[in-house]
Amino acid sequence: MTTAALNTISQSALKNRPRDGIRTFARVSAFGTSAIIILILATLFLQSGPAIFTASDSLFTARWNPAEGVYGIVPMVFGSLFVMVIAMSLALPIGLLAAMAISQMRHQGLRRLTKSALEILAGIPSIVYGLIGVAYVSIWVAGAFDLQSGRIILTAGLILAVMILPTFLSLSEDAISSVPRAYQENGAALGLYPYETQRAIILPAAAPGISSAALLALGRALGETMAVMLVIGSLDRLPRPLFNPLSSGQTITSKLGREIGESAFGSTHFSVLVLMSLILVTLTIALTIAARHIVKPGSPS
Amino acid sequence: MFRKFLALSITAASLAGLSACSAPERMSVSGSTTVLPAVSRAAEQFTADTGQLITVNAGGSGSGFNQLAEGQTDIGMMSRDITEGERAQFPNFTFMPIAIGRDAVVPVVSSEIYDAGVTQLSLSDIAKIYRGESDNWAEFGGPDKAIFVIDKESSSGTRQTFMDIVMGSSKADAPGADLVIGSNNEEQTAMTQSDAAIGMLSIAWLNDDVKGLSVELANGEIVTPTLMNVQNGRFPIVRDLNIVVRNDISAPAQSFVDYLLSAEGQVFVEQSGYIKIK
């Protein structure tokens, strides 16, 4: 075929391609996605209005009794944060060290096997984790700490840690692996020990990727409902003493999961539940913005 | 809990599959886990007899009412009365509770505590435990062990009946609670896993691991939790098991309600461990 013939074909193909159609569709999709986010936030704001006006005197207390019109959300907010901190402080160090180990694996087959196992782990539905939590983990925890029930904050934190680990591990391994091999070789050429190379060169270079992996994990930890709901014990009260992980508790998500079906649409009760989800969303957004400002993508020094 | 849930959802799924290809419209009943066993047994027989497909879902009394009020289910199951607040939220409809059986809510303890000698408590003792004023079994003749207090979710009919008689108000707070659970199945499991727990269960759920306590009344009379004492009215913590319908009830739903109240339907109430209404 001659060049001229090729040109004619490609030109006619270009003419027939509905390029404007695709462009419009892409734009509509992009705007549509942003609109959904705005719509969700607007709905949450509107629906939580009544709570702020009619339940304002009890809202920031630690007592919850909808039948008497007492809606203290402090235990739930505290519970969400507490469980998240436990899960993150277990999953981050383990995940990071494991990611470094996997990225150093020389055996490609073994590395692929580990990675795909992790990806499968990340895809297991949360109810499965919840079932395992109720049937086994809560009983082990109860046995280990000699408790009457293992449905406590610590169990929820443990389950969550396992749930967020694969996401965090897999993404931070990608970040570490994508640091050019030359960096590592330069480190070796400078006479650094491998751990020095890792700490001073590889990790700083992979930091933006690792921190976004941590954020994704954080988002899942805050938003996870089913598994937490089954193992946390549903106690609408602050733990005594406050930082006692062996007490039952309640997170925002487990509260919503348990009670959204019990509250009539439009009631104060419903509105307070919406307010709690607004707090959850705001928290996630705030963390995202904060992390962006703390970790600026930098090059290894 | 999960086995039953699974079985129900499989039934629901297969019913959905059936209804997609054959004519009769599926009817749904949902709400209290206390009322559920009797209704789901009756529903099975009713479907076999008439071909009318019925899905029975658990969800608790509060959720049963809400779903009925919002038109998501044909019949609600409630193990308590409808509150004024609930009625007020849906002024456009009238709701009729229909008692299909009677039940007792029994204070229960772990078998270890029962075997160690705590076989009866007075109503005021139980109230003290739930208020958090008593926290050791030694105070009631049991072993020197902290009392593990299991409470139920506030919308639970079991809890409201129990709190009404024991604490004097169906909405009472229980500051002594250590764990809050949702359904009767969950409660049964939690009780079995613990060796120093107290909780509340519908009489149909008692077994060897979960022992019902005799209740000492204010006049000193001691009443054991037996079906006979529920029937003759001596046991103090009793309630009606209700199904609730809206004024615009459909004809098939009405015929199922009639079936539940018939002699044939009442058999299932008894089979589930409750007292029949007639």
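In this text, all values refer to a predicted model and were calculated from it rather than measured experimentally. The chains referred to below are lettered A, B, ... by the order of the sequence lines, with proteins before strands, and numbering in each begins at 1.
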### Query
Salt bridge or not for A:Arg258 and B:Glu153, using N-O below 4.0 Å?
yes

### Query
Is there a donor-acceptor contact under 3.5 Å linking the side chains of B:Ser194 and A:Gln148?
yes

### Message
Whether the side chain of A:Glu259 engages the backbone of A:Leu256 through a donor-acceptor N/O pair (distance < 3.5 Å, no angle test) should be reported.
### Response
no

### Query
With respect to chain A, which residue among B:Gly182, B:Ala177, B:Ala190 yields the maximal number of heavy-atom pairs within a distance under 4.5 Å?
B:Ala177

### Query
So how far is it from A:Thr225 OG1 to A:Lys255 NZ, rounded to the nearest 0.5 Å?
14.0 Å

### Task
Look at the side chain of B:Ser110 and the backbone N and O of B:Ala197, then say whether any donor-acceptor pair between them is shorter than 3.5 Å.
yes

### Task
For the pair B:Glu112 and B:Lys211, find out whether any cationic side-chain nitrogen is under 4.0 Å from an anionic carboxylate oxygen.
no

### Atom group of A:Ile139 that falls short of 4.5 Å from chain B, counting heavy atoms
side chain

### Query
Would a 4.5 Å heavy-atom cut-off, applied to side chains only, mark A:Ser149 and B:Asp178 as touching?
no

### Task
Enumerate by number any residue of residues 60-71 of chain A whose heavy atoms lie under 4.5 Å from heavy atoms of chain B; in the absence of such residues, state 'none'.
A:Arg63, A:Trp64, A:Asn65, A:Pro66, A:Ala67, A:Glu68

### Message
Would you say NZ of B:Lys171 has more than 12 non-hydrogen atoms from neighbouring residues, nucleotides or ligands within 6.0 angstrom?
### Response
no

### Message
Quick check for you: among A:Ser248, A:Ser138, A:Ser234, which has the greatest number of heavy-atom pairs under 4.5 Å with chain B?
### Response
A:Ser234

### Query
How many angstroms lie between CG in A:Leu59 and OG1 in A:Thr54, if you round to the nearest 0.5 Å?
9.0 Å

#### Entry: Short side-chain donor-acceptor distance under 3.5 Å, B:Arg159 and B:Ser154
no

### Query
Between A:Thr43 (side chain) and A:Leu39 (backbone), is there a donor-acceptor pair under 3.5 Å?
yes

### Heavy-atom proximity to chain B below 4.5 Å, by part of A:Ser247
neither

#### Entry: B:Asn184 and B:Thr34 side chains, donor-acceptor separation under 3.5 Å
yes

### Message
So does B:Ala138 get a backbone contact from the side chain of B:Asn136, meaning a donor-acceptor N/O pair under 3.5 Å?
### Response
yes

### Message
Within the 4.5 Å heavy-atom criterion, are A:Arg151 and A:Val134 side-chain neighbours or not?
### Response
yes

### Side-chain (A:Glu224) to main-chain (A:Leu160) donor-acceptor, under 3.5 angstrom
no

### Message
Between B:Arg239 and B:Thr158, do the side chains contain a donor N or O and an acceptor N or O under 3.5 Å apart?
### Response
yes

## Note on the structure
Residues of residues 84-97 of chain B with a heavy atom under 4.5 Å from any heavy atom of chain A, in residue-number order, are B:Gln89, B:Phe90

### Message
So that I can tick it off, tell me whether B:Arg246 and B:Asp74 are bridged by a salt bridge, with the cut-off set at under 4.0 angstrom between side-chain N and carboxylate O.
### Response
no

### Task
Under 4.5 Å, heavy atom to heavy atom: which of residues 265-282 of chain A reach chain B? Give them by number, or say none.
A:Phe265, A:Ser267

## Note on the structure
Rounding to 0.5 Å, atoms CD1 (A:Ile164) and CG (A:Leu222) come to a distance of 9.5 Å

#### Entry: Interface residues of residues 61-71 of chain B facing chain A - non-hydrogen atoms under 4.5 Å apart
B:Gly62, B:Ser63, B:Asn66, B:Glu70

